[in-house]
There are 2 protein chains.
Amino acid sequence: MSARTSDSSREIPEATVARLPIYLRALTTLVEQGTATCSSEELAAAAGVNSAKLRKDLSYLGSYGTRGVGYDVDYLRYQIAREIGVTQDWPVVIVGIGNLGHALANFSGFRSRGFRVVALLDADPERRGERVAGVDVRDFADLDAIVREHGVAIGVIATPASAAQDVADRMVEAGISSILNFAPTVISVADGVDVRKVDLSIELQILAYHEQRKQAEATTRVASEVTA
Amino acid sequence: MSARTSDSSREIPEATVARLPIYLRALTTLVEQGTATCSSEELAAAAGVNSAKLRKDLSYLGSYGTRGVGYDVDYLRYQIAREIGVTQDWPVVIVGIGNLGHALANFSGFRSRGFRVVALLDADPERRGERVAGVDVRDFADLDAIVREHGVAIGVIATPASAAQDVADRMVEAGISSILNFAPTVISVADGVDVRKVDLSIELQILAYHEQRKQAEATTRVASEVTA
DNA sequence: ACGATTTTGTTCTCCCGTTCACAAACTCCT
DNA sequence: AGGAGTTTGTGAACGGGAGAACAAAATCGT
């Protein structure tokens, strides 16, 4: 075991990693439709990307296609799933069971993609005993025990912004090393811990910016037509 | 009106646009704390970015800082808000009032940032008459009338994946030109329509990939320590 | 009034990601 | 068997964003 650095040494670019789940979903749809093989062109169309980009992305994983033929849908699907790591089961805890926490707990896309919600936590005693999506809401203080028991590596923060940093600190302390943050605030964590954030209002604001530009351009065009 | 292309001709890079809302939020926090001025270093820290990047981002909007001093928090906040377009009021419709739709309708970050939910729509007759966050759930067929009446430009899709493309088509037809898509599927729209997507399971999968890598590296390290 | 100090705005360089274009490799048909 | 037709995988060119580094401009102290 020395010359064969074969497998895990390939460094996959971040932009590619972000697209692999999209390809995975497109392939799953194709499998359900009974499609056995597909070309890069077809798969790219289903994923909404350029076919050259798709091929380059896939090339980072290996050579799983056949020239002149295309890709075996089921085989490629498995390879991508394995590369992402969703062939194994990932226990997840959700902290903050408000409106959003409820929605997340009930989200079927978790379960179907290798994620299992092992605990719902909330600091508010009022919420305890409540049962959401078949899981009891428990005390946030139980975090340590739950992480240890289930070997949880991924935590989801669905609390108000004011609580997010504290929750993140406690998560990292408990041993969680990947955090998905829905709270509208920047959280800082130690090196080695990954944080991704999802912010509804930021997405809307980006749309608003472009919308404003579109509308401004439209009125400018009208104005110049009038003066012309 | 020819030499003075002054104002709206500045093309702001997409990466910068995506960060402006973060700066806006950080500035709002500073205002609430009663801070009058701040340096690029402080603001960058609050926003979780590099200070050089922050300054370059702000330079696309104009010269709103004072060398040797920093930025007037309230003034800069207003300038960014105006640039993004959140000084005006944006009417928004949400389609699909399931768990996620509920959470979105109740999300306070909408209202506080210039977005007003003018209608909640669902195709399921069961849901009608229900009242969420002070807004009645109405028939999806009313979309055209509502868009016309309120001048809605932004639509939010919170339906299952199977319905998303159809909803998007109807939205575009009704005159909506910016869509925020929460359904886990790729939707295609005409040119000139902006689509942004938020996908919970994709974010989790990206985290899973990195988590898997971290764990693989940890075991490799242990293995090599054993053989060493 | 003027130099020291602070902090912005901007230039320059590097790197990552996208896209084009084509060679390699496979199938199919004759 | 061999040529025509497909489709993948990749080398190379290109564009945009990130960060370092510095010049310009403001304040402050003497």
Side-chain angles (χ1 to χ4, degrees), chain A residues 6 9-23 26-27 30 35-77 79-80 83 186 202 206 209-210, chain B residues 6 9-23 26-27 30 35-77 79-80 83 186 202 206 209-210:
Chain A
S6 61
S9 64
R10 295 170 266 109
E11 200 55 49
I12 297 183
E14 194 54 35
T16 296
V17 171
R19 281 187 295 266
L20 290 180
I22 302 177
Y23 304 151
L27 287 165
L30 288 174
T35 312
T37 65
C38 70
S39 68
S40 64
E41 205 73 49
E42 293 171 291
L43 183 54
V49 301
N50 181 302
S51 70
K53 179 150 60 175
L54 169 72
R55 286 199 301 276
K56 178 152 274 191
D57 283 342
L58 295 184
S59 77
Y60 290 114
L61 313 190
S63 270
Y64 295 134
T66 309
R67 298 176 191 216
V69 178
Y71 299 94
D72 181 301
V73 173
D74 210 53
Y75 180 60
L76 181 59
R77 196 180 83 90
Q79 293 300 337
I80 293 179
E83 189 71 40
V186 175
I202 285 183
I206 295 171
Y209 170 81
H210 292 296
Chain B
S6 62
S9 64
R10 296 171 264 108
E11 201 55 50
I12 299 183
E14 194 54 36
T16 296
V17 171
R19 281 186 296 266
L20 289 179
I22 302 176
Y23 303 152
L27 286 165
L30 288 175
T35 311
T37 64
C38 71
S39 67
S40 64
E41 205 73 50
E42 293 170 291
L43 184 53
V49 302
N50 181 301
S51 71
K53 180 152 58 175
L54 169 73
R55 288 199 300 278
K56 179 172 273 193
D57 283 343
L58 295 184
S59 76
Y60 290 115
L61 314 190
S63 272
Y64 296 133
T66 308
R67 295 174 192 222
V69 178
Y71 300 93
D72 181 301
V73 173
D74 210 52
Y75 181 60
L76 182 58
R77 196 180 81 91
Q79 293 300 338
I80 293 179
E83 189 72 40
V186 176
I202 284 183
I206 295 171
Y209 170 81
H210 292 296

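Computed from a predicted structure; not experimentally measured. Order of the sequence lines fixes the chain letters, A, B, ..., with proteins taken first and strands second; residue numbering starts at 1 for each chain.
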Output the rounded distance in Å from [atom1] ([X]) to [atom2] ([N]).
X      : N       : atom1 : atom2 : result
L20(A) : dG17(C) : CG    : P     : 13 Å
Y60(B) : dA18(D) : OH    : P     : 9 Å
E14(B) : dC16(C) : CD    : C1'   : 18 Å
L58(A) : dT18(C) : CG    : P     : 13 Å
Y64(B) : dA26(D) : OH    : P     : 17 Å
E41(B) : dA21(D) : CD    : P     : 14 Å
D57(B) : dG16(D) : CG    : P     : 16 Å
L76(B) : dT7(C)  : CG    : P     : 16 Å

Can you see which heavy atom on [X] is nearest to which on [Y], and at what distance?
X       : Y       : answer
D57(B)  : T16(B)  : OD1-OG1, 2.7 Å
I206(A) : E14(B)  : CG2-OE2, 4.0 Å
E83(B)  : Y209(A) : O-CD1, 3.3 Å
P21(A)  : I202(B) : CB-CG1, 3.8 Å
C38(B)  : E42(B)  : CA-OE1, 3.3 Å

| Worked verdict on Y23(A) versus L76(A) for side-chain contact (heavy atoms from CB on, under 4.5 Å) | CA-CA 10 Å; Y23(A) 304 151; L76(A) 181 59; over 6 Å; no
| field | Phosphate OP1/OP2 of dG9(C) contacted by S63(B) side-chain N/O (<4.0 Å) | value |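 For dG9(C), OP1/OP2 do have a side-chain N/O of S63(B) under 4.0 Å.
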| message | Any side-chain N or O of Y71(B) below 4.0 angstrom from OP1/OP2 of dG9(C)? | response |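 So the side chain of Y71(B) is within the cut-off, an N or O lying under 4.0 Å from OP1 or OP2 of dG9(C).
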| request: Please say which of K56(B), R55(B), K53(B) ends up in a side chain to side chain donor-acceptor pair (under 3.5 Å) with S40(B). | output: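 Of all the options given, the one that passes is R55(B).
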| query | S39(A) has a side chain; which of dT7(D), dG9(C), dA18(D) sits nearest to it? | reply |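 Looking only at heavy atoms from C-beta outward on S39(A), the closest nucleotide is dT7(D).
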| task | Would you give a per-nucleotide map of nucleotides 20-30 of chain C, 5' to 3', where B means the base has a protein non-hydrogen atom under 4.0 Å away, S means only the sugar-phosphate does, and - means neither? | result | BB-BBBBS---
